[in-house]
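Right, one structure below, let's go through it.
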Amino acid sequence: MNIKNFKYNEAGLQRFFGPLESRIMEILWDGRERSIKEVLHHLEDDKPINFNTVMTVMKRLTDKGILEKRMQGRLSLFRPIQSKEEFMEEQSKKLTENLLDEFGGLVINHMLDAIQDVDQELLDKLEQKIKQLRGTKP
């Protein structure tokens, strides 16, 4: 799945989704299929929201390939195509690839600058990955 509008100034899921989409995805990533009415019930814990608004957003998430819809009689049940971890892994990989394609070595330099103050374990993993890419033993 391809998220088209990455928002640099946001945090968490809102980098990929709008505010309501993010809230819906958090509800659905709990591992259970849910109907629109069930999602609405969870959303209304925060504030009242219109059923049709939730239905429209969930339909759009389905059209984008983020949710899967299954009919159980007359009831529509929704669940995410990927786990939250799989989604974040895929999106961060695509973002990194896009940045490398567009900015090349600059991205790598900035990433290295950003991880200078990171724990040693991350630096060790990076070093092992570089050795692996070069074809040398770790």
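Distance NZ/K59 to CG/D63: 3.5 Å, rounded to 0.5 Å. Atom CZ of residue R32 and atom CD of residue E38 lie 5.5 Å apart, to the nearest 0.5 angstrom. In this structure, CD on E97 lies 9.5 Å from OG on S92, to the nearest 0.5 angstrom. Here the CD1 atom belonging to I36 is positioned 4.5 Å from the CZ atom belonging to F51, to the nearest 0.5 angstrom. Distance check: Q82 CD to L67 CG gives 11.0 Å after rounding to the nearest 0.5 Å.
Neither M55 nor L75 shares a network with the other; the hydrophobic side chains, linked directly or stepwise wherever heavy atoms of I, L, V, M, F, W or Y lie under 4.5 Å apart, form separate groups for each.
Around the NZ atom of K7, the shell of radius 6.0 Å holds more than 12 heavy atoms that belong to other residues, nucleotides or ligands.
Between the side chains of R34 and H42, at least one donor N or O sits under 3.5 Å from an acceptor N or O.
Cluster partners of M71: none. The rule joins Ile, Leu, Val, Met, Phe, Trp and Tyr whenever side-chain heavy atoms lie under 4.5 Å apart, and it links nothing here.
A salt bridge links K84 with E26; the closest basic N to acidic carboxylate O contact falls under 4.0 Å.
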Name every donor-acceptor pair, under 3.5 Å, that has one atom in a side chain of residues 101-109 and the other anywhere in the protein, sequence neighbours excluded.
none

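For the side chain to side chain contact (heavy atoms under 4.5 Å, CB included) with R79, the qualifying choice from R70, K69, E68 is E68, the only one to do so.
F16 and F87 have perpendicular rings, their planes meeting at more than 60° on a 0 to 90° scale where under 30° would count as parallel.
Partners of Q14 under the side-chain hydrogen bond (donor to acceptor under 3.5 Å, both in side chains) rule, at least two apart in sequence or in another chain, do not exist in this structure.
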